[in-house]
Amino acid sequence: MRHRKTPFIFGFLVVPVVLYIFLVIWPYAQTFGYSLTDWPGAAPPRKFVGLDNYVALFKDSAFLSALQHNLLLLIVLPLVTILLALFFAFMLNVGGKSGTGGVQGVRGSAFYKVVFFFPQVLSVAILSMLFQGMYRTDKGGLLNGIVIALGLTDEQHPWDWTTNPTFGLWCVMAVLIWSSVGFYLVLFSAAMQSIPKDIYEAAMLDGAKRGTTFFKITLPLLWESIQTAWVYLAIVAMDAFALVSTMTPGSYYGGGPDHHSEIMATLLMRNFITFGKAGYACAMGVVIFFITLVLSVVSLRVSRRDKIEF
Amino acid sequence: MSTNTDATTGIPAQRASTADKPRKPGKEQRFADGGGVLNVFSHGFLALWAVLIIGPLVWIILGSFKNNKEIGDSAWSWPSHWGFGAFSRAWDKGIGDFFLNTLIVLAGSLTLTMLLGSMAAYVLARYEFRGNRIIFYFFVAGAMFPVYLALVPLFFMMKNLGTVIPWLGLNQYAGLILVYTAYSLPFTVFFLHSFFRSLPSAVHEAAMIDGCSHTRAFFQVMVPMAKSGLISVFIFNVLGQWNQYLLPLTLMQQKSSSDPDHSMLAQGLMNLAQQSGYASDFPGLFAGMTIAMLPVLVVYLSFQRQVQAGLTSATLK
């Protein structure tokens, strides 16, 4: 070989690998170690305390409710987002009039896709501020404006959206759904368009109704995209930190009122930055990691199906 | 303008305007045929969701022309004057600087991410050597970890790094650039790895026979061939890094009040929002949001096809 391969391979890999190990792998590894100590964060001396942090975690009622909230998000967010996105994608692609050419999409489907997708490119900070305006607890908030205009309440008694203990978390979830539906709509839509039209035409000729074609053809052929969507949304659900910490009440990193919208990430940040319990915070990080790991493994197992090629 | 008319006319007006927008001129919409009912039904729901998306955005933009009293009194009040005072106030409060900070960091981190990511992915995808698989899985594994897991040690590492190399530590552009790059590598390598694998090897072999070096073959043959994959992953990284909130929140903290404010746009806006709780300049805040949204909107509308295609293919890989 005229050109030596080894220096080239080494030269191309050394910088990315070193950077990656130093800034990503090493901090991850450290977290596992720190989670076994009572490290306060600032000063270096720390004592090995074994699994004490983990034991304390599962006696901490705030953590347990945060865990519950994360699980709630994990179920509701993907479910609602995927159902809405599927519904809209189906409407876009086969909701149009059926004419001679079999099934077709609605008019202006490109327009809808452009609009629906837009929240996906908005930064999460913008998203949070936008909805802080929407959820304002006085009559100046857009949602209160709507419920007052609808006569559901009067100007003196506006609703308390995110500060309400029962509905606070649901308000945050609504924002996540609002912003994600468009992306998954486009994803499903692309997958639907790659399904050959003649499959539908054959089914229609055999007398299948649209509903039947959806459940018997579209849904099974979309299964792989739906799995992907579920994994991504599960990650989003575990990562609701920015919205929860800024939109819900609470003196440090939100989570209020009284831990009613607490998630593990807000608790982690508060313990680390505000309370200086870095070891304890690291233990929470490890718990988050294991939940994510279990999710990924489960979804990989479930999604292992025969790949259908057209 | 009174409150009710806005609320009630908003939705039908939107529905009518989208439905009336003819894609194929001259073709009348026929409600009588089989799909007619479903057509109206689907347009109804689609238009409703479109209003749910557009409504809040328009409301924010209108808010930046209102005054404080108009914003607080009623959600439906109409701006009484159309001036740009709120915009210049927002700009003076640092939106311009935050923008510049974000641009500097993104320019650096995106260049580095694309360069290092494609180099690593290329070598891992097309060269056989010992440890190849291990390094690849090492990269893939990083995409699975939630970033919180690394946050605490990362903060102290960057802090300590800053005491050794002053331009790399906390609240430094270079530090954040490296962190953004490192955290974008797993996905970039993962995506481009499969992309480089799918490229035909004939062109590359021809170049090598003609005496091209490995490095030159990469930059002049493989990179141009991988353009579509590179664009997809570039868009993915632009959005990912633009939307990053947690990393700058942790790492771009001013060490003292004399330390210059290097906040990213998202972080800076959020700080302004919290301050404005006291100063209560809501129009200024809304104007800041509008300023932050407009470039994204313009870029998105110009490249929406590429953005949608890029993100979709990046996710499905």
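In what follows, chains are A, B, ... by sequence order, proteins preceding strands, each numbered from 1.
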Hey, would you say the A:Phe12 and B:Tyr127 ring centroids sit under 6.0 Å apart?
no
Is the shortest heavy-atom distance from the side chain of B:Val307 to the side chain of A:Phe117 under 4.5 Å?
yes
Determine yes or no for a side-chain-to-main-chain donor-acceptor pair under 3.5 angstrom, with B:Gln308 supplying the side chain and A:Lys113 the backbone.
yes
Atom of B:Tyr245, atom of A:Val124 and distance for their closest heavy-atom approach
CB-CG1, 3.8 Å
Non-hydrogen atoms of chain B under 4.5 Å away: do they reach the side chain of A:Val181, the backbone, both or neither?
side chain
Which region of A:Ile126, side chain (C-beta onward) or backbone (N, CA, C, O), has a non-hydrogen atom less than 4.5 Å from a non-hydrogen atom of chain B, or is it both or neither?
both
Does any heavy atom of chain A fall under 4.5 Å from the side chain of B:Ile53, the backbone, both, or neither of them?
both
What option among A:Gln120, A:Met284, A:Met134 has the most heavy-atom pairs under 4.5 Å with chain B?
A:Met134
pair B:Trp49-A:Val115: side-chain heavy atoms closer than 4.5 Å
no
Under 30°, 30 to 60°, or over 60°: which ring-plane class applies to A:Phe8 and B:His214, parallel, tilted or perpendicular?
parallel
Backbone N/O of A:Val121 and side chain of B:Tyr300: donor-acceptor pair under 3.5 Å:
no
Contact part of B:Leu269 toward chain A, heavy-atom cut-off under 4.5 Å: side chain, backbone, both or neither?
both
Structural part of A:Leu143 lying under 4.5 Å from a heavy atom of chain B
neither
Taking the side chain as every heavy atom from C-beta outward, state whether B:Met158 and A:Leu23 have any pair of such atoms under 4.5 Å apart.
yes
Classify the angle between the aromatic ring planes of A:Tyr112 and B:His43 as parallel (below 30°), tilted (30 to 60°) or perpendicular (above 60°).
tilted
Leading residue by heavy atom contact count with chain B [cutoff under 4.5 Å; candidates A:Val14, A:Ile25, A:Leu268]:
A:Ile25
Given a strict heavy-atom distance threshold of 4.5 Å, which part of A:Met238 is in contact with chain B: side chain, backbone, both, or neither?
backbone
Answer with side chain, backbone, both or neither: which region of A:Ser128 has an atom nearer than 4.5 Å to a non-hydrogen atom of chain B?
side chain
Looking only at heavy atoms, the pair that brings A:Gly11 and B:Met119 closest together is O-CE, 4.4 Å
Please state whether the side chain, the backbone, both or neither of A:Leu13 comes within less than 4.5 Å of a heavy atom of chain B.
side chain
Answer with side chain, backbone, both or neither: which region of B:Leu46 has an atom nearer than 4.5 Å to a non-hydrogen atom of chain A?
both
Would you say that A:Phe22 contacts B:Met157 through its side chain, given a criterion of any heavy-atom pair below 4.5 Å between the two side chains?
yes
Is there a side-chain contact (heavy atoms from CB on, under 4.5 Å) between B:Leu57 and A:Leu122 once you walk through the steps?
CA-CA 11 Å; B:Leu57 301 174; A:Leu122 285 181; 4.0 Å; yes
Going by heavy atoms in the side chains, are B:Leu265 and A:Ser123 under 4.5 Å from each other?
no
Region of B:Phe138 in contact with chain A, defined by heavy-atom distances below 4.5 Å
both
Under 4.5 Å heavy-atom distance to chain B, tell me which part of A:Ile291 shows up: side chain, backbone, both or neither.
neither
Backbone N or O of B:Leu154 within a donor-acceptor pair of the A:Trp26 side chain at under 3.5 Å?
no
Heavy-atom distances under 4.5 Å only: say whether A:Leu130 touches chain B with side chain, backbone, both or neither.
both
Heavy-atom check, side chain of B:Phe156 versus side chain of A:Pro27, under 4.5 Å:
no
With only heavy atoms counted, which part of A:Met269 is less than 4.5 Å from chain B, the side chain, the backbone, both or neither?
side chain
With chain B, which of A:Ser179, A:Gly285, A:Pro119, A:Ala125 has the greatest number of heavy-atom pairs at distances under 4.5 Å?
A:Ala125
For the interface with chain B, which of A:Leu293, A:Val186, A:Ile235, A:Val286 has the highest count of heavy-atom pairs at distances below 4.5 Å?
A:Val186
Close side-chain approach of A:Val24 and B:Phe139, heavy atoms under 4.5 Å:
no
Could you tell me if the side chain of A:Thr6 sits less than 4.5 Å from the side chain of B:Phe129, heavy atoms only?
no
For A:Tyr34, is it the side chain, the backbone, both, or neither that has a heavy atom closer than 4.5 Å to a heavy atom of chain B?
side chain
Does a sphere of radius 6.0 Å around CZ in B:Phe219 hold more than 12 heavy atoms from other residues, nucleotides or ligands, not counting ones at 6.0 Å or beyond?
yes
Top contributor to chain B contacts, counting heavy-atom pairs under 4.5 Å, from A:Arg136, A:Met129, A:Gln132
A:Met129
What part of B:Leu124 is in contact with chain A, defined as an atom under 4.5 angstrom from a non-hydrogen atom: side chain, backbone, both or neither?
side chain
So which of A:Ser245, A:Gly33, A:Gly141 has the largest heavy-atom pair count under 4.5 angstrom toward chain B?
A:Gly141
Out of B:Ala309, B:Gly63, B:Gly142, return the one with the most heavy atom pairs under 4.5 angstrom to chain A.
B:Gly142
Turns out that what part of B:Val179 lies under 4.5 Å from chain A's heavy atoms comes down to both
